[in-house]
Amino acid sequence: MIDINLIRNDLEAVKENIRKKFQDRKLSLVDEVIELDKKKRALQSEGDSLRAQRNALSRQIGELMKQKKTEEANAVKATVTANNARLEVIGKEQEEIETQLKKDMMSIPNIIAPEVPIGKDDSENVERERFLEPKVPAFEVPYHTDILERLSGIDIDSARRTSGQGFYYLTGDIARLHSAVLAYARDFMIGKGFTYCIPPFMIRSEVVSGVMSFEEMDGMMYKIEGEDLYLIGTSEHSMIGRFMNTIVDEKSLPLTLTSYSPCFRKEKGSHGIEERGIYRIHQFEKQEMIVICKPEESRDWFEKLYHYTVELFVSMEIPVRTLECCSGDLADLKYRSIDVEAWSPRQKKYFEVGSCSNLTDAQARRLGIRYKSEKGNVFAHTLNNTVVAPPRMLIAFVENHLREDGSVYIPEVLRPYMGGISEIRPKK
RNA sequence: GCAGAGAUGGCAGAGUGGUCGAAUGCGCACGACUCGAAAUCGUGUUACGUAGGAAUACGUACGGAGGUUCGAAUCCUCUUCUCUGCGCCA
């Protein structure tokens, strides 16, 4: 949600931003907001003066009652009752206008960063940098589940029976590798000065509706039967929810947090879930980073954050590239987004393993996350980025580290978490 | 899960229908005293919205939602959380 003052003061900038995102149908919303805002203020000042009158009259009634002038008091009461009738009408109108205003404001996208390339959809995203040489081995790289099955590392058939499509059993060294990657990523982020955090894996509807739209909620969130609780789709939900409607201490900024959680997603309407394998699934685990900082610091943090992910992948010897999301592919709340993609020697292309976003104050304004400064209370800036999400990243891992004999190489940095072993070999 | 008590400003804590945005204490800011400090004294110190250049004015908010009333921190209903006791449990 952007600052309404921006619309009041620089309507053209807001409209230009909408055009850059190819959302021209939303242009009329901006004019509607101006109108509604005017009406809202008019109603408020009318209501305020009526209330001021009522407060004065009520005090008068108190006085008259004390002096036992009941008749006069009743006369004044009648005036107040008439006022109240009008107040009720105003109240209803105000409520309607405010609901519509809020809805409009939520649909108006955040102002995008100057470096965001203009483009309609993800096909126009722009590659920024590459790290490590993307290699294609001489032998054919099988589909990731075939690699994992040969290593006795996965059992999807059983998972289908117990839980249905989109689930998996990881077993043996592969399961251990999964945990090792998470533990290594956790320690890596702690080493960068982040505070490790394990959040609630379920949150209330109140928090859910704070962090996402109704459509997103319907398409993603699993609800707990008979309770006002939802399984989180990412730890960002509970991590950001933690600061909803709070004023954080300026001295504690920037808050740099790294959280672990399982993530549950319906993936409703996405065909990817039908795919064989563990690319798109209902349940996965993820290490995430969250930064809450002062506005003037968010641009620097953004650069740092996605470079941390890059550094992590490079340390595990997996080639990656960064991809700048173009204007049309950027979600409405985002100022800027960079995806980190890992190399797939099988597909001979890069695929997404993480996404880093700077939401500036749009998310904070929507959720009421502020800090107290000399200038008064200011909305903070929020950023989030994937450190690593192992089931998906395991695809990149086994594809890149597969050797011709079917074994998978374990990079140096992970060995302490794998009992010192340097490879996983097929059984038999 | 059951029963009882509670939720008020940065903190502690009064207030049970009308000059209550809220006593008092602590904290904090500024000033006086002092060579300087402590102590002491004085002044100030909630947030949000609207109008205004500003001083300020008006409105709203006493966990949250709704209700009663001319008027609600105060009465009623629901809800969330906290504490105490019992029960249950990794």
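The basis for the numbers below is simple: all heavy atoms, side chains too, and nothing from hydrogens, waters or symmetry mates. Naming convention: chains lettered A, B, ... in sequence-line order (proteins, then strands); numbering from 1 in each chain. These figures come from a predicted structure and were not determined experimentally.
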Participant: For the pair made of CG in A:Leu229 and C1' in B:rU79, what is the distance, rounded to whole Å?
Facilitator: 14 Å

Participant: How far does the C1' atom of B:rU34 sit from the matching atom of B:rC28, given to the nearest Å?
Facilitator: 22 Å

Participant: Does NZ or CZ of A:Arg186 lie under 6.0 Å from the centre of the six-membered ring of A:Tyr260, at an angle within 45° of the ring axis?
Facilitator: no

Participant: Tell me whether the guanidinium CZ or amine NZ of A:Lys192 lies under 6.0 angstrom from the six-membered ring centre of A:Phe188 and within 45° of its axis.
Facilitator: yes

Participant: Looking at A:Asn55, does any N or O in its side chain come under 4.0 Å of the phosphate oxygens OP1/OP2 on B:rU19?
Facilitator: no

Participant: Starting the side chain at C-beta, find the nucleotide from B:rU50, B:rG71, B:rC58 nearest to A:Ser45.
Facilitator: B:rU50

Participant: If the C1' atom of B:rG9 is compared with that of B:rG27, how far apart are they to the nearest Å?
Facilitator: 12 Å

Participant: Working note: A:Leu151 + A:Arg425, criterion side-chain contact (heavy atoms from CB on, under 4.5 Å); need CA distance, chi angles, decisive distance, verdict.
Facilitator: CA-CA 6 Å; A:Leu151 297 166; A:Arg425 301 201 129 274; 5.7 Å; no

Participant: Does B:rU69 pair with anything, Watson-Crick or G-U wobble, both distances under 3.5 Å, and if so, with which nucleotide?
Facilitator: none

Participant: Here's a test of your reading of the structure: between A:Gln44 and A:Ser49, which maps to the more 5' nucleotide of RNA chain B?
Facilitator: A:Gln44

Participant: Sticking with atom P, work out how far B:rC26 lies from B:rC78, rounded to a whole angstrom.
Facilitator: 41 Å

Participant: Can you tell me how far C1' of B:rA47 sits from CZ of A:Arg370, to the nearest Å?
Facilitator: 8 Å

Participant: Can you tell me the Watson-Crick or wobble partner of B:rU56, both distances under 3.5 angstrom?
Facilitator: B:rA51

Participant: Please tell me which of A:Arg8 and A:Gly47 maps to the more 5' nucleotide of RNA chain B, matching each residue to the nucleotide holding its nearest heavy atom.
Facilitator: A:Arg8

Participant: Could you work out which one of B:rU50, B:rU60, B:rC58 sits closest to the side chain of A:Arg51?
Facilitator: B:rU60

Participant: Can you tell me, in whole Å, how much space there is between the C1' of B:rA12 and that of B:rG4?
Facilitator: 24 Å

Participant: For the pair made of CD in A:Glu98 and C1' in B:rC48, what is the distance, rounded to whole Å?
Facilitator: 13 Å

Participant: If you check the A:Asp48 side chain, which of B:rG71, B:rG49, B:rU50 turns out closest?
Facilitator: B:rG49

Participant: Quote, to the nearest angstrom, the C1' distance that separates B:rG63 from B:rU24.
Facilitator: 24 Å

Participant: Please state the C1' separation for the pair B:rC62 and B:rG10 - nearest whole angstrom.
Facilitator: 16 Å

Participant: Once you apply the 3.5 Å cut-off to both distances, tell me the Watson-Crick or G-U wobble partner of B:rU34, or none.
Facilitator: none

Participant: Heavy atoms only: give me the nearest A:Leu43-A:Ile90 pair and the separation to one decimal.
Facilitator: O-CG2, 3.8 Å

Participant: Expressed in whole Å, how much space separates the C1' atoms belonging to B:rG44 and B:rA38?
Facilitator: 22 Å

Participant: Could you tell me whether A:Asn74 contacts a base, only the sugar-phosphate backbone, or nothing, with contacts defined as non-hydrogen atoms closer than 4.0 Å?
Facilitator: nothing

Participant: What does B:rU19 pair with, Watson-Crick or G-U, if both distances are under 3.5 Å?
Facilitator: none

Participant: Suppose we define a pair by two distances each less than 3.5 Å, Watson-Crick or G-U wobble; what does B:rC11 pair with here?
Facilitator: B:rG25

Participant: Just the rounded figure in Å: distance from P of B:rU60 to CD of A:Gln53.
Facilitator: 13 Å

Participant: Does a side-chain N-to-carboxylate-O contact under 4.0 Å join A:Asp48 and A:Arg51?
Facilitator: yes

Participant: Which whole number of Å gives the distance between the C1' atom of B:rG1 and that of B:rC20?
Facilitator: 40 Å

Participant: Can you tell me how the ring of A:Phe167 sits relative to the ring of A:His282, calling it parallel under 30°, perpendicular over 60° and tilted otherwise?
Facilitator: tilted

Participant: Can you measure A:Ile203 atom CD1 to B:rU80 atom C1' for me and round it to whole angstrom units?
Facilitator: 16 Å

Participant: Whole angstroms only, please: what is the CD-C1' distance between A:Glu46 and B:rU60?
Facilitator: 17 Å

Participant: Whole angstrom is fine here: how far is it from NZ in A:Lys38 over to P in B:rA51?
Facilitator: 12 Å

Participant: Need the pair for B:rU74. Rule: Watson-Crick or G-U wobble, both distances under 3.5 Å, any strand; none if unpaired.
Facilitator: none

Participant: Salt-bridge test for A:Glu12 and A:Arg19: reply yes if a basic N is under 4.0 Å from a carboxylate O, no otherwise.
Facilitator: yes

Participant: Output yes when a side-chain donor or acceptor of A:Asn110 lies under 3.5 Å from a complementary backbone atom of A:Leu333, and no otherwise.
Facilitator: yes

Participant: So what's B:rC81 paired with, Watson-Crick or G-U wobble, going by both distances under 3.5 Å?
Facilitator: B:rG6

Participant: So, does A:Arg204 get its side chain near the phosphate of B:rU79, meaning an N or O under 4.0 Å from OP1 or OP2?
Facilitator: no

Participant: Rounded to the nearest angstrom, tell me the gap between atom CZ in A:Arg59 and atom P in B:rC20.
Facilitator: 10 Å

Participant: Does A:Ile61 reach a base, just sugar-phosphate, or nothing at all? Heavy atoms under 4.0 Å.
Facilitator: base

Participant: The side chain of A:Arg54 lies closest to which of these nucleotides: B:rC58, B:rA51, B:rU60?
Facilitator: B:rU60

Participant: B:rA61 pairs with which nucleotide, Watson-Crick or G-U wobble, both distances below 3.5 Å?
Facilitator: B:rU46

Participant: For the side chain of A:Ser58, counting heavy atoms from C-beta on, which of B:rG18, B:rU60, B:rC58 is nearest?
Facilitator: B:rG18

